Structures are given as structure tokens and as C-alpha cells.
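Every value quoted in this text rests on a predicted model; they were computed, and no experiment measured them.
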Amino acid sequence: MEPRFETALITHCAPTLAGVKPANLFRFRSESLEQLRRDAARWDETLKLYGVRVRVLKECPSLNAGMLYVYRESWVGRLLAEEGSRAFLESDGYANSGVSAMLDQLSERMCMEAEYPHEIGIFLGYPLEDVVGFIENRGWNYTCCGYWKAYGDPAAAQRCFDRYRKCTAVYKERYARGVPLIELVVAA
């Protein structure tokens, strides 16, 4: 398997692989879009046994790059089904039709809009309060900033950011010492 792709998974998705975050999104550039798709499909097949999925949400043909979404399908499903998130997404035009179909809708929006659709935060596990706060404040007036801009309790957000940073550092260190990625994945 492509070692560069594997390293990117550790670098950008450790919290999801560890089971402390529902999803991560990262940009990856490959030698070709076909190789990117093959790597994503191979890791999706390997990781789905642990409840983790890998999906290309957006492709950039001119750069042979894509935005990869690594997620815990059951966890994301629960997030999308929460009453507040469901209502928010439905008001934004999403059909409440399951994780895969909603990811198809998100992918379509990512490909059609110049900026990321702000609702992507829900798919990444950000608190709804922070997603709505970001939209209403246009990215300003946040209480703290880390993996996302928080608009609620800054101490709670900072604890979460710290947990993600520590997880990533531990995973990168263990991977550098030779622990295979698959041994670092926590099963759902």
C-alpha cells in the first residue's frame, strides 16, 4: 500500500482512527486521480472492518488531488440523526436519507461551491452551536480557535482540541517507531 497515503492518514486522521473523533477531512495529492481513488478504496476496504470508512468527497483533476473524508460511519450517522443537526441540515436542503446519501449531497455541494459548505462542520463532529455561530458571525467573534472556531464554552472546546492534538502526537510517534497503522486503529 502507498506509504505516503498511510502517513497522511496518521497525520490527519489519528483522532478518528483512535475513536475519539467521528471524522476528519484532509487534502491529498497523488500521482494521478486513479491512484488516489485506488488508495482510498484500498484503505476503505481495510478500515471498514473497524468501523472506519474512507471516501473521496472532492477531486481536483488539475492537481491530481482530492479531499478525503475518513469517518466512523455509525458515529456520523448518530450525529446526523440528532434532532438539532437533522433540522439544521434539512433546512439547508439535505434529505434525511442516511449517511451515504447525505455524503453524496455534501460532495456535490463541495464540488459546486468555491468555499466549503459550512455545514461540513456537522459531518466532522463540530458542535452544532459552533457551526451555527460560525455562519451567523461569518467566522468572527469566536470564543476560541483550534480544530474549528468555537462559539460556545471555550474551556470545553480547548479540552477537545488538546485531546485531538495529544492523540495525533501519540499516533505519529508510535507510527514512526514502526507500529503499523492497522494496529493503531480502535475498532468501533
- Task: Using side-chain hydrogen bond (donor to acceptor under 3.5 Å, both in side chains) as the criterion, list what pairs up with Gln105, not counting sequence neighbours.
- Result: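 Here no residue qualifies.
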- Only one of Tyr147, Phe5, Phe26 clears ring pair (Phe, Tyr, Trp, His ring centres under 6.0 Å) with His12; which?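 Result: among Tyr147, Phe5, Phe26, Phe26 is the only option passing the ring pair (Phe, Tyr, Trp, His ring centres under 6.0 Å) with His12.
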Using a 3.5 Å distance criterion without hydrogens, assess whether the side chain of [X] forms a donor-acceptor pair with backbone atoms of [Y].
X      : Y      : answer
Arg72  : Arg53  : no
Asn64  : Glu31  : yes
Lys21  : Cys160 : no
Ser107 : Leu103 : no
Lys149 : Tyr142 : no
Asn137 : Gly133 : yes
Thr143 : Ala150 : yes
Asn96  : Ala81  : no

Which value, rounded to the nearest 0.5 Å, describes the distance between [X] atom [atom1] and [Y] atom [atom2]?
X      : Y      : atom1 : atom2 : result
Leu9   : Arg4   : CG    : CZ    : 11.5 Å
Gln35  : Ser30  : CD    : OG    : 5.0 Å
Met110 : Met112 : CE    : CE    : 13.5 Å
Gln158 : Arg165 : CD    : CZ    : 5.5 Å
Leu80  : Glu119 : CG    : CD    : 11.0 Å
Lys58  : Tyr116 : NZ    : OH    : 6.5 Å

Shared ILVMFWY cluster between [X] and [Y], side chains joined below 4.5 angstrom?
X      : Y      : result
Phe28  : Ile120 : no
Leu17  : Tyr69  : no
Val56  : Leu25  : no
Leu124 : Leu79  : no
Ile10  : Val52  : yes

- side chain to side chain contact (heavy atoms under 4.5 Å, CB included) assessment of Met102 paired with Val76: CA-CA 11 Å; Met102 291 178 83; Val76 170; over 6 Å; no
pair [X]-[Y]: side-chain heavy atoms closer than 4.5 Å:
X      : Y      : answer
Ile122 : Leu128 : yes
Leu68  : Leu36  : yes
Arg55  : Ser100 : yes
Ile182 : Tyr50  : yes
Trp43  : Val70  : no
Phe134 : Tyr151 : yes

- Message: Taking the six-membered ring for Trp, are Phe123 and Tyr94 closer than 6.0 Å centroid to centroid?
- Response: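 Yes - the distance between ring centres of Phe123 and Tyr94 falls below the 6.0 Å cut-off.
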- For the student: nearest non-hydrogen atoms of Cys144 and Pro154, plus distance: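 Taking every non-hydrogen atom into account, SG-O, 3.7 Å.
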- In sequence, state the C-alpha distance, the side-chain angles, and the governing distance for Asn24 and Tyr164, and then conclude on side chain to side chain contact (heavy atoms under 4.5 Å, CB included). CA-CA 11 Å; Asn24 284 99; Tyr164 295 165; over 6 Å; no
- Item | Residues Arg109, Asp92; criterion side chain to side chain contact (heavy atoms under 4.5 Å, CB included); working and verdict | CA-CA 11 Å; Arg109 286 177 181 218; Asp92 205 27; 3.1 Å; yes
- Message: Is there a salt bridge (Lys or Arg N to Asp or Glu O under 4.0 Å) between Arg159 and Asp162? Walk through the geometry before answering.
- Response: CA-CA 5 Å; Arg159 283 191 301 274; Asp162 291 344; over 6 Å; no
- When you look at CD of Glu45, are more than 12 heavy atoms from neighbouring residues, nucleotides or ligands closer to it than 6.0 Å?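 Counting neighbours around CD of Glu45, 12 or fewer heavy atoms of other residues, nucleotides or ligands fall under 6.0 Å, so no.
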- Crowding at CD, Glu173 (>12 non-hydrogen neighbours, <6.0 Å):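 Correct, the count exceeds 12.
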- Task: Begin from the C-alpha positions of Arg78 and Glu82 and carry the test salt bridge (Lys or Arg N to Asp or Glu O under 4.0 Å) through to its verdict.
- Result: CA-CA 6 Å; Arg78 288 190 305 274; Glu82 288 177 358; over 6 Å; no
- Task: Applying salt bridge (Lys or Arg N to Asp or Glu O under 4.0 Å), run through Arg37 and Glu59 and close with a yes or a no.
- Result: CA-CA 10 Å; Arg37 290 183 202 117; Glu59 294 180 350; 2.7 Å; yes
